Structure formats: structure tokens, C-alpha cells
Amino acid sequence: MHSFNQLKAQELQVRLSELVNTEYSPSSVRSVVGLDLSYVGGVGVSVATLHRYPDLSLVSYSAVADHVEIPYIPGLLAFREAPLMFAAYELLNADPDLILVNGHGITHPRSFGIASHVGVALDKPSIGVARKVLAGREVVIRGVRYLETNRVLGAYVALQGSTKIYMSLGHKVTIEFVSRITPTLFKGHELPEPIHTADRISRRLARSSPLKSGSSSSSKTSRHL
DNA sequence: GCGACAG
DNA sequence: ATCTTGTCGC
């Protein structure tokens, strides 16, 4: 029995953060993938959803489940969830123009949150979607809200009613691109459509998991996806 | 030392 | 994230 080396993990993040590209942006977006996880005890249920853009209609999705050993430690979320996200992503067998990841991008203690981690590993444009701040402070420029970390605007703050959603730079996207595409990613929910959909599907699968007692007889409410 | 702390 | 009843709001 042994937990993973936190210090080595942090060192890896510092090293890999050098590979993040925040000067490039996809020339055109025709498809977007959403990545999210749910849990059933120690089992993580990872879902990857593929959407057309700009209508955001669901094209297909994939799901994988496995035991998750790495604990949740603020700042090291990627080591716990990215492996399963990669598995679901590969199973989806698609080549999207943009990937949305539940979690922060460069608005992270070492500028390498899970969205950047996934983007760099897959060499794909990525944006982090989070409901809470991990690092940085909010700044307002010409009436527009951003999250600033290390003097760099790392996230655009989307206001959904009274709720704030932090859209951070993952990889191969600029703050201008994120600011511009963010409003077009919502479709009537608190979270961007791809993340919202991946979240709903993973939770449904988690609840109906054979590992969850009563799953075969307590389903009295119908759900639609 | 104290407070903060994605999912 | 997940555990959970009633309750507020669209």
C-alpha cells in the first residue's frame, strides 16, 4: 500500500505547464467534446460527449468505469480523473475541434489544471469549466469579468443568472477565443451544454450501476436524455 | 501559524 | 464528488 508521490506530481505539473499554448486558437469549430466524471463508491464513471457546433446537438457519447485509487487533492485533480477521461475520449473515437473539461485550466496553483493536462496530453484545444475558484482573483476590464493568475488573464467569467462559471484557458486557445465562444456554449442550463450533458449521463450511469444496491428495483422515476 | 482549497 | 429532507424559484 502506498499513495502516489504528491511532490513528484507537482513537479510534473510545473514541467508540463511549459508546453501549454495560449497563443493559438482553432480556426473553425464544428464539433465539441465534453468530459466529466461521477462516482459510485470508489468507482469513477467517465463520460465523453460529442456535440455538433454551433447547434450543440448531441451526436454520440462513450462511457468507461474503473476503480479510482488516487485521492482528491486540490491542485492534483488531474492525477485522479484524467486517466479515465482519456479512456472515455479514446473510446469515443472522434476528432473534435475543441474539448471542454470539468475543472480548471491554467487558473491553477502551477498553471496546469486538469483542462490543460488533458489538452496537452491529447494535443487538442481545451477549455476548463469550473464553478469555484481554485487560484487567482477576479478582475473587471471594461465591464468584463476575468480570473487573473500570475498577471495573466486565465479565465473568462460567464454569468449564468446569479451563478458564476469560470471558463479557463486549457491548451491551444486564447483568452479572446474563450471569451468569444463561451456565450455560444450555453443552451439553457447553468453549465455549458457539453459539460452539462456529460454530467447528466455519467450521473445516470452511476446511479444505475450494478454496484449501487437497489438499482434493479428502486427505479420508479423515468429519466430522459 | 492561519486560511484556502477544481471535482 | 457524494451523503440527504424539505424547500425556494422558474
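Only heavy atoms go into these numbers, but all of them, side chains included; no hydrogens, no water, no symmetry mates. Chain identifiers are assigned alphabetically (A, B, ...) following the order of the sequence lines, protein sequences preceding nucleic acid strands; residue numbering begins at 1 within each chain. Remember, predicted model here, so these are calculated numbers, not experimental data.
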Which pair of heavy atoms, one from A/I70 and one from A/F79, lies closest together, and at what distance? CG1-O, 3.5 Å

In this structure, how many angstroms lie between the C1' atom of C/dT2 and the CG atom of A/D199, rounded? 13 Å

In whole angstrom, what separates A/I201's CD1 from C/dA1's P? 16 Å

Hey, does A/S38 reach any base, or is it just sugar-phosphate, or nothing, if we go heavy atoms under 4.0 Å? sugar-phosphate

Given 3.5 Å as the limit, does a donor-acceptor pair link the side chain of [X] with the main chain of [Y], or not?
X	Y	result
A/S25	A/T174	yes
A/S126	A/A115	yes
A/T184	A/I181	yes
A/T149	A/G136	no
A/H171	A/D123	no

Restricting to nitrogen or oxygen on both sides, can you table the protein-nucleotides 1-7 of chain B pairs closer than 3.5 Å?
| from | atom 1 | to | atom 2 | distance (Å) |
| --- | --- | --- | --- | --- |
| B/dA6 | OP2 | A/Y72 | OH | 2.5 |
| B/dA6 | N7 | A/G75 | N | 3.1 |
| B/dA6 | N6 | A/G75 | O | 3.1 |
| B/dA6 | N6 | A/L76 | N | 3.3 |
| B/dA6 | N6 | A/L77 | N | 3.1 |
| B/dA6 | N1 | A/I114 | N | 3.1 |
| B/dA6 | N3 | A/H104 | N | 2.9 |
| B/dG7 | OP1 | A/R131 | N | 3.0 |

Can you give each donor-acceptor pair under 3.5 Å made by side-chain atoms of residues 83-103 of chain A, sequence neighbours left out, with the distance rounded to 0.1 Å?
| from | atom 1 | to | atom 2 | distance (Å) |
| --- | --- | --- | --- | --- |
| A/D95 | OD1 | A/K124 | NZ | 2.7 |
| A/D97 | OD2 | A/R30 | N | 2.7 |
| A/D97 | OD2 | A/S31 | N | 3.1 |
| A/N102 | ND2 | A/D36 | OD1 | 2.9 |

Pull out every stem in DNA chain B, meaning runs of 3 or more consecutive Watson-Crick or G-U wobble pairs with both distances under 3.5 Å. none

Going from CD1 on A/I165 to CZ on A/F186, what distance comes out if it is rounded to the nearest 0.5 angstrom? 5.5 Å

